[in-house]
Amino acid sequence: MKIIVIGGTGLIGSKIVTKLRNSDFEVVAASRSSGVNTTTGRGLADALAGASVVIDVSNSPSFDGTAALEFFETSTRNLLDAEKAAGVRHHVALSVVGTERLSESGYMRAKFAQEKLIKDSSIPYSIVQATQFFESIQKLAGLATEGATVHAPPVLVQPIAGDDVASVLCDVSLGAPLNGTLEVAGPEQFRADELARRRLMARHDSREVIVDPRARFFGARVNERSLLPGADAHLAATRFEAWLSRSVERAYAALRPPEAGGGRREAETGF
Ligand SMILES: NC(=O)c1ccc[n+]([C@@H]2O[C@H](COP(=O)([O-])OP(=O)(O)OC[C@H]3O[C@@H](n4cnc5c(N)ncnc54)[C@H](OP(=O)(O)O)[C@@H]3O)[C@@H](O)[C@H]2O)c1
């Protein structure tokens, strides 16, 4: 069976590719850096020839609402058309828990539009909606920073390790299409401000984190439960503190000279 991972060089995509390459399947990582561009369609037909499953974990290069909508609509249309031509039997896509509730956010409207195109297409599909990745907390804190202060909205979060997201996507892609949506989340809930504080402290980042009732999430007003999954969500095993200490260890190891096993870049350590 041939499986194509669109966005196979990204955070989640590279983890999926590594996991599936340990199996008997033929796995192709596709992205612009390997000559496949979903927005222009370049390289898509060749990459999809003979494929049974496509896993789309690509992301818009910009979080701006208009740019993200253009990206997800155009690339999803191009991808689904190419899949029809190639006879693909299962389209798997990664989205975000709560897209349907967060329509004030341009980025979430774009993810919702991606989901709708998939549901309306004739190709059997599975949509996996994940909560925020542990690896993204630092970036989210950056987006919420004004001066030296992080303004966290008064919201509960249930973040998940990127590795766990990748494992669920592998399992889903090897099973029968759900023709529906599966929510995935981590095992613990946190207040967003508490989580950001713990993440920043581990990096000796001195920014202050405050709860700001006016703060938004990707431009959307949120209430306490807007980002939480429903009761039927699949809960992954990795706890935040376990992930954090492993990431800190890997980051220190990366500082060692290459001959002592170090030298990996920050992106590879997840820190
Ligand atoms: N971050 C979170 O907390 C979170 C939570 C839930 C769901 N998600 C969803 O998870 C998905 C994956 O996120 P991620 O953080 O793993 O993404 P990422 O690390 O930013 O990777 C994005 C991938 O998309 C590829 N790409 C971008 N433009 C492309 C194009 N025109 N054609 C082909 N490939 C293209 C990139 O490779 P090239 O640059 O080489 O093209 C890269 O491989 C996203 O759709 C996001 O909405 C994220």
Side-chain angles (χ1 to χ4, degrees), residues 1-60 71-72 74-97 111 114-130 133 135 160-185 232-238 268:
M1 183 160 86
K2 182 173 167 188
I3 305 175
I4 312 297
V5 184
I6 303 287
T9 53
L11 171 70
I12 302 298
S14 55
K15 293 178 189 294
I16 292 174
V17 169
T18 304
K19 287 177 196 289
L20 289 177
R21 283 206 173 132
N22 290 328
S23 65
D24 292 335
F25 305 107
E26 183 188 351
V27 183
V28 176
S31 70
R32 289 170 301 179
S33 50
S34 69
V36 178
N37 189 329
T38 50
T39 51
T40 63
R42 186 173 153 254
L44 260 184
D46 284 346
L48 263 54
S52 306
V53 178
V54 170
I55 307 175
D56 183 10
V57 284
S58 62
N59 205 359
S60 167
F71 173 84
F72 282 113
T74 308
S75 61
T76 305
R77 279 201 188 99
N78 288 340
L79 199 48
L80 292 168
D81 285 349
E83 288 176 26
K84 263 179 231 157
V88 168
R89 297 197 297 267
H90 190 182
H91 178 96
V92 180
L94 179 58
S95 192
V96 187
V97 162
K111 293 298 292 181
Q114 176 192 15
E115 293 178 24
K116 184 162 178 354
L117 286 167
I118 295 167
K119 289 174 185 170
D120 290 348
S121 114
S122 59
I123 298 179
Y125 71 91
S126 301
I127 294 172
V128 174
Q129 286 186 332
F133 310 152
E135 289 86 343
I160 181 168
D163 246 329
D164 287 342
V165 176
S167 295
V168 171
L169 283 161
C170 289
D171 290 346
V172 166
S173 67
L174 299 180
L178 302 172
N179 292 317
T181 301
L182 172 72
E183 287 187 326
V184 297
D232 294 333
H234 166 87
L235 299 189
T238 310
E268 293 172 70

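Note that this is a predicted model, so its numbers are computed, not measured. In what follows, every heavy atom counts, from backbone to side chain, and hydrogens, waters and symmetry copies are set aside.
With sequence neighbours excluded, no residue satisfies side chain to side chain donor-acceptor pair (under 3.5 Å) with S14. Residues forming a side chain to side chain contact (heavy atoms under 4.5 Å, CB included) with L174 (at least two apart in sequence, or on another chain): M1, I3, L20, F25. Take K111 and apply the side chain to side chain donor-acceptor pair (under 3.5 Å) test, not counting sequence neighbours, and it matches Q114. Partners of A47 according to the side chain to side chain contact (heavy atoms under 4.5 Å, CB included) rule, which considers only residues two or more places apart in sequence or in another chain, are V36. With sequence neighbours excluded, no residue satisfies side chain to side chain donor-acceptor pair (under 3.5 Å) with T38. Qualifying side chain to side chain contact (heavy atoms under 4.5 Å, CB included) partners for S121, counting only residues two or more places apart in sequence or in other chains: L80, I123. Taking D120 as the reference, K116 meet the side chain to side chain donor-acceptor pair (under 3.5 Å) condition, with sequence neighbours excluded. Evaluation of the side chain to side chain contact (heavy atoms under 4.5 Å, CB included) rule for T40 yields N37, R42 as partners, not counting sequence neighbours.
Note that the CD1 atom of I4 and the OG atom of S52 stand 9.0 Å from one another [nearest 0.5 Å]. L169 contributes atom CG, which lies 6.5 Å from atom CD1 of I55 (distance to the nearest 0.5 angstrom). Once rounded to the nearest 0.5 Å, the distance linking CZ of F72 with CG of N59 reads 4.5 Å. Atom OG1 of T181 is separated from atom NZ of K119 by 4.5 Å, given to the nearest 0.5 angstrom. Between H91 atom NE2 and I118 atom CD1 the span is 3.5 Å, to the nearest 0.5 Å.
Nearest approach of A29 to S34, heavy atoms of both residues: O-OG, 3.4 Å. The two residues V28 and K2 make their nearest non-hydrogen contact at CG2-CE, 4.0 Å. Closest non-hydrogen pair, A166 versus K15, comes out as CB-CB, 3.6 Å. A pairwise comparison of heavy atoms in K84 and S122 identifies CE-OG, 3.7 Å as the closest pair. Annotation for A130 and L94: closest pair CB-CD1, 4.0 Å, computed over non-hydrogen atoms. When all heavy atoms of P124 and N179 are compared, the closest pair comes out as CA-OD1, 3.4 Å.
Distance alone, capped at 3.5 Å, is enough to place a donor-acceptor pair between the S126 side chain and the L178 backbone. In this structure, T74 contributes its side chain and F71 its backbone to no donor-acceptor pair below 3.5 Å.
Tested against S31 for a side chain to side chain contact (heavy atoms under 4.5 Å, CB included), the candidates I6, T9, V57 yield a single pass: T9.
Within 6.0 Å of CG on N22 lie more than 12 heavy atoms contributed by other residues, nucleotides or ligands.
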Run the side chain to side chain contact (heavy atoms under 4.5 Å, CB included) test on V92 and Y125 for me, step by step, so that the C-alpha distance in whole Å, both residues' side-chain angles and the decisive distance to 0.1 Å come before the verdict.
CA-CA 6 Å; V92 180; Y125 71 91; over 6 Å; no
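Pairs of residues two or more places apart, or lying in two chains, that qualify as salt bridge (charged side-chain N to carboxylate O under 4.0 Å, His left out) and include a residue from residues 162-183 are K19-D163.
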